[in-house]
Asker: 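The structure that follows is given in the form of structure tokens.
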Amino acid sequence: MFETTVDLPDEAATEALGRALACARRVGDVIALAGPLGAGKTALARAYVAEATGTPDAPSPTFGLVHQYEASDCAIHHFDLYRLERPGDVWELGLEDALDGGVSLIEWPERIADWLPASTLLVRLSPLGDRRSALLRGDASAWRDRLAALPGIAVNAPASPSAD
């Protein structure tokens with residue numbers, strides 16, 4: 001495992017991180033977007049979807065719980081699990097198919113934490129006054145080199161095994 005923190009001085013920086021992650025995507029990626037209400041999860045996901053698919057202003061799936069978009073290389077599934085009644089309900093939303101051959105962006109991932117793949121990239125957004133920070137934590141073999149190649153992201157030394 002490794003982790004790094006990215007300073008996000010404004011919403012534009014949060015969106016830039018979403019676009020950068022979209023440019024580094026691979027089929028099978030799972031990105032877990034965590035943080036309190038208003039932390040920027042949806043802004044990051046919308047920017048990711050816009051970059052990957054050309055779909056501007058993608059709606060939040062808060063009420064539908066999941067939206068699917070087509071990129072040139074795969075389907076992108078944007079889950080918002082805030083209103084999920086029971087963790088097992090996620091299977092009815094198509095999580096299994098999403099994990100099989102697309103990219104999954106999952107807001108409120110703690111609701112299904114036990115079912116996320118080990119290679120999931122956690123992006124924990126934290127408001128800091130008018131700024132935000134993003135903690136990125138993931139499997140080094142799946143994410144370290146890709147994230148290190150992105151502008152503005154300095155990947156630190158591997159985290160200790162207990163940092164999970």
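Quantities reported herein were computed from a predicted structural model and do not represent experimental measurements.
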Asker: So does A24 get a backbone contact from the side chain of R146, meaning a donor-acceptor N/O pair under 3.5 Å?
Answerer: yes
Asker: Nearest 0.5 Å, please: how far is OH in Y48 from CG in D29?
Answerer: 5.5 Å
Asker: Find out if a path of hydrophobic residues (ILVMFWY) with successive side-chain heavy-atom gaps under 4.5 Å connects L93 to W91.
Answerer: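 Same hydrophobic cluster.
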Asker: Please determine whether the number of non-hydrogen atoms from other residues, nucleotides or ligands lying under 6.0 Å from atom CG of D100 exceeds 12.
Answerer: yes
Asker: Please tell me if the side chains of D139 and F2 come closer than 4.5 Å, counting only heavy atoms from C-beta onward.
Answerer: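 The answer is no; the side chains never approach within 4.5 Å.
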Asker: Between K41 and W108 (side chain of the first, backbone of the second, donor and acceptor by atom type, cut-off under 3.5 Å), is there such a pair?
Answerer: no
Asker: Closest heavy-atom contact between A43 and E15?
Answerer: O-CG, 4.0 Å
Asker: Testing I31, T120, T4 one by one against W143 for a side-chain contact (heavy atoms from CB on, under 4.5 Å), which residue passes?
Answerer: I31
Asker: What about L95 and V30, same hydrophobic cluster or not, with Ile/Leu/Val/Met/Phe/Trp/Tyr joined at side-chain heavy-atom distances under 4.5 Å?
Answerer: yes
Asker: May I ask whether L17 and L128 are part of the same hydrophobic cluster, defined by side-chain heavy atoms of I, L, V, M, F, W, Y residues being less than 4.5 angstrom apart, directly or through others?
Answerer: no
Asker: What are the two closest non-hydrogen atoms of S119 and A142, and how far apart are they?
Answerer: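 Minimum heavy-atom separation between S119 and A142: CB-CB, 4.1 Å.
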Asker: Closest heavy-atom contact between T14 and G40?
Answerer: CG2-O, 3.7 Å
Asker: Kindly compute the distance separating CG (L136) from CZ (R124), expressed to the nearest 0.5 Å.
Answerer: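 One gets 11.5 Å once the value is rounded to the nearest 0.5 Å.
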Asker: Mind listing the closest non-hydrogen atom pair of A47 and R19 along with its distance?
Answerer: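 Heavy-atom minimum between the residues: O-CG, 3.6 Å.
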Asker: For R83 and L65, what are the C-alpha separation, side-chain angles and deciding distance, and is it a side-chain contact (heavy atoms from CB on, under 4.5 Å)?
Answerer: CA-CA 7 Å; R83 295 179 346 105; L65 301 179; 4.0 Å; yes
Asker: Would you indicate whether the side-chain heavy atoms of S126 and R132 approach each other to under 4.5 Å?
Answerer: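 SC-SC contact between R132 and S126 ruled out.
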Asker: Got F79 and H67 here, is their nearest side-chain heavy-atom distance under 4.5 Å?
Answerer: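 Heavy-atom side-chain distance check fails, nothing below 4.5 Å.
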Asker: How long is the gap from CG on D7 to OG on S133, to the nearest 0.5 Å?
Answerer: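 Answer rounded to 0.5 Å: 7.5 Å.
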Asker: Side-chain contact, heavy-atom cut-off 4.5 Å: L33 with I106?
Answerer: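 No - every pair of side-chain heavy atoms lies 4.5 Å or more apart.
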Asker: Ion pair present between R25 and D73, side-chain N to carboxylate O less than 4.0 angstrom?
Answerer: yes
Asker: Locate the shortest heavy-atom distance separating A134 from L8; write the atom from each residue and the value.
Answerer: CB-CD1, 3.7 Å
Asker: Any side-chain heavy atom of I76 sitting closer than 4.5 Å to one from L105?
Answerer: yes
Asker: Between E107 and Y82, is there a side-chain heavy-atom distance shorter than 4.5 Å?
Answerer: no
Asker: Are L150 and V49 linked, directly or through other ILVMFWY residues, by side chains that come within less than 4.5 angstrom of each other?
Answerer: yes
Asker: Any carboxylate oxygen within less than 4.0 angstrom of a Lys/Arg side-chain nitrogen, looking at D10 and R131?
Answerer: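 Looking at R131 together with D10, the answer is no, because their closest N to O distance does not fall below 4.0 Å.
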Asker: If I take atom CG from residue L147 and atom CG from residue L121, how far apart are they, to the nearest 0.5 angstrom?
Answerer: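 The CG atom of L147 sits 5.5 Å away from the CG atom of L121.
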Asker: Check whether any side-chain heavy atom of L84 sits under 4.5 Å from a side-chain heavy atom of I112, and report yes or no.
Answerer: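 L84 reaches I112 side chain to side chain.
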Asker: When you group the ILVMFWY residues by side-chain heavy-atom contacts below 4.5 Å and let the links chain together, are L116 and L99 in the same group?
Answerer: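 Linked, L99 and L116 end up in one cluster.
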Asker: Could you pull out the closest heavy-atom pair between A98 and S104, with the gap in Å?
Answerer: CB-OG, 3.4 Å
Asker: Taking the side chain as every heavy atom from C-beta outward, state whether L44 and V123 have any pair of such atoms under 4.5 Å apart.
Answerer: yes
